[in-house]
Amino acid sequence: MADVLALIDANNFYASCEQAFDPALIGRPVVVLSNNDGCVVSRSSEARQLGIGMGKPYFQIAGQLASHGVVVRSSNYALYGDMSQRLMSSLEPFVAELEVYSIDEAFARLPRPRCGDLSSWAAELRSRIRHNLGLPIAIGLAPSKVLAKVANRIAKGDRCHAGVFDLGREINPDPWLEQTPVEEIWGVGRQLGRWCRLRGIANARQLRDMASGELRAKAGVVGLRLQLELQGVSCLPLEEGPTAKRETCVSRSFSRPITDAGELRQAVASYVVRAAEKLRHQRQCSGRLTVFARTSPFSPGFYSQAAGTSLPVASNDTAVLLQAALPLVALIYRPHKRFAKAGVLLQDLQSQEQLQHHLLAPLPEAEQQRRADLMQRIDGLNRRYGRGTVQWAACGLTPGWMMRREQLSRAATTRLADLPTAWAR
DNA sequence: TCTGGGGTCCTAGGACCC
DNA sequence: TCTGGGGTCCTAGGACCC
């Protein structure tokens with residue numbers, strides 16, 4: 001029989017991770033906040049039932065959360081990243097091919113058995129993940145990625161599906177597509193969603209059946225692919241293995257506005273340091289660097305500016321990137337502007353191994369090797385003893401703008417001192 | 001006072017070339 | 001004074017994703 005595509009994801013991933021390491025939270029409403037404790041990015045089902053909205057700014061609903069006794073956590077990416085790796089490696093033995101799509105979801109391909117029924121396979125997978133990681137997962141099965149997403153949504157929505165739904169086994173999928181609002185389809189965003197509604201296209205079945213010429217005029221080939229996928233024609237391939245990144249970005253909001261040029265420089269310097277680390281970890285070099293900063297879009301007099309420069313030779317050496325980036329800060333800085341966020345974007349990424357040595361290389365071979373060794377040592381020390389153990393002077397010593405994480409849980413799986421403790425009586 | 005961060009893909013339009 | 005057609009490459013910006 002033909003292969004099946006699956007979309008497997010963890011329910012309320014961040015909130016579920018918090019619950020997995022603090023059993024006292026199970027059954028209680030829990031929300032996890034974005035960086036800087038900005039807004040809600042994950043809710044346990046109990047929190048959802050209380051009507052707490054996704055993406056709501058924390059400062060607007062702090063009172064409501066307190067009055068309902070909601071547990072609030074800052075996001076703990078060290079923990080979630082590690083749990084994600086465990087989840088993905090647990091899925092692997094259950095499928096033929098796996099594409100890790102995001103921190104909490106994966107597409108997979110598997111053969112459909114002769115009897116056609118995958119429910120025992122799915123039940124076994126769910127109970128294994130629940131038992132080993134303490135995470136609830138949902139599984140959607142269908143002939144294409146977009147339909148697998150639809151199926152996953154149905155699996156989550158209805159209790160009687162027990163976290164699994166196989167759209168490929170439905171003789172008539174239309175009722176299921178009709179109960180899927182057009183905005184909920186993977187690939188339909190705000191613009192396309194509004195456009196569909198204006199034309200009376202309200203659900204997935206109607207989008208599937210609409211005139212393709214009209215859709216093409218609005219959404220181009222992306223729209224056509226989307227429609228084919230809804231018809232059960234798989235045209236988005238499964239991508240195994242990490243594809244090389246084309247760009248890498250590090251940006252953060254500040255815990256308080258910055259008006260001082262020196263502080264903005266320090267912030268940009270720290271982001272460059274982090275971005276260079278990421279680059280070396282990806283074994284890539286960057287040929288172009290852009291620095292940007294903006295004030296709050298929620299305040300009058302919004303200001304946003306970017307400045308970029310090309311490097312004579314692509315590099316992942318922190319000192320080289322800092323040297324390129326810091327002069328750009330003066331170009332985007334404006335006195336009296338209250339900067340809320342800044343960042344650095346590394347573009348023109350090339351693989352470190354394939355990087356052709358420039359004829360006018362700024363440093364002789366031996367010196368380049370020495371620099372590469374130095375970067376490796378610094379990365380090693382920071383990995384072992386914690387980020388910031390070896391720091392660059394340009395970043396400043398006591399930044400007052402560092403992000404806020406006031407309700408952080410422990411790094412229970414990645415830092416020895418944070419190992420959970422079990423008490424016995 | 002306080003509103004996330006990090007990506008990809010596609011298209012339109014300008015510059016430039018023959 | 002008249003001023004084509006077709007191609008490539010690059011960039012900016014829109015749209016979308018989690």
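Convention: sequence-line order gives letters A, B, ...; per-chain numbering from 1. Heavy-atom basis, side chains included; hydrogens, waters and symmetry copies ignored.
At a threshold of 4.0 angstrom between heavy atoms, the contacts of Y58(A) with the nucleic acid are absent. Within 4.0 Å (heavy atoms only), K56(A) reaches no atom of the nucleic acid at all. Across all strands shown, K278(A) has heavy atoms under 4.0 Å from sugar-phosphate atoms exclusively, and none from any base. When heavy atoms are screened at a 4.0 angstrom cut-off, R225(A) is found touching the sugar-phosphate backbone but no base atom. Nucleic acid contact for D37(A): none, since no nucleic acid atom lies under 4.0 Å from a heavy atom of the residue. Backbone-only contact: L192(A) has heavy atoms under 4.0 Å from sugar-phosphate atoms and none from a base. At a threshold of 4.0 angstrom between heavy atoms, the contacts of N35(A) are confined to the sugar-phosphate backbone, with no base atom among them. The residue V41(A) sits apart from the nucleic acid: no heavy atom pair falls under 4.0 Å. E247(A) comes within contact range of at least one nucleobase, with a heavy-atom separation under 4.0 Å. As judged by a 4.0 angstrom heavy-atom cut-off over every strand, L345(A) is placed among residues making no nucleic acid contact. Using a 4.0 Å heavy-atom cutoff across all strands shown, R246(A) reaches sugar-phosphate atoms only and no base atom. Across all strands shown, T248(A) has heavy atoms under 4.0 Å from sugar-phosphate atoms exclusively, and none from any base.
The pair E214(A)-R199(A) counts as a salt bridge, with a side-chain nitrogen and a carboxylate oxygen less than 4.0 angstrom apart. Salt-bridge formation is detected for the pair D174(A)/R208(A): a Lys NZ or Arg NE/NH1/NH2 atom is positioned less than 4.0 Å from an Asp or Glu carboxylate oxygen. Salt bridge absent: D22(A) and R28(A) never bring a charged side-chain N and a carboxylate O closer than 4.0 Å. Salt bridge D209(A)/R205(A): present, at least one basic N to carboxylate O contact under 4.0 Å.
Comparing E239(A) and S253(A) against DNA chain B, the residue whose closest nucleotide sits nearer the 5' end is S253(A). Taking for each of V221(A) and R252(A) the nucleotide of DNA chain B with the nearest heavy atom, the 5'-most of the two is the partner of R252(A).
A side-chain donor-acceptor contact under 3.5 Å links R48(A) and N12(A). One side chain, Q347(A) or T290(A), offers a donor N or O that lies under 3.5 Å from an acceptor on the other.
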How does DNA chain B read in dot-bracket, base by base from 5' to 3', with Watson-Crick or G-U pairs under 3.5 Å and | used when the partner is on another strand?
....||||||||||||||
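Put simply, the residue from N382(A), V390(A), T318(A) that forms a side chain to side chain contact (heavy atoms under 4.5 Å, CB included) with V273(A) is T318(A).
Bracketed by its first and final contacts, the part of DNA chain C lying under 4.0 Å from non-hydrogen atoms of chain A reaches from dA15(C) to dC18(C) in 5' to 3' order.
Not less than 6.0 angstrom separates the ring centroid of Y271(A) from the ring centroid of W392(A).
Note: Y14(A) and Y80(A) have parallel aromatic rings, judged against thresholds of 30 and 60 degrees for the angle between ring planes. Relative orientation of the H161(A) and W176(A) rings is perpendicular, given thresholds of 30° and 60° on the angle between their planes.
Atom name C1', nucleotides dC16(B) and dG4(C): the rounded distance is 16 Å, in whole Å.
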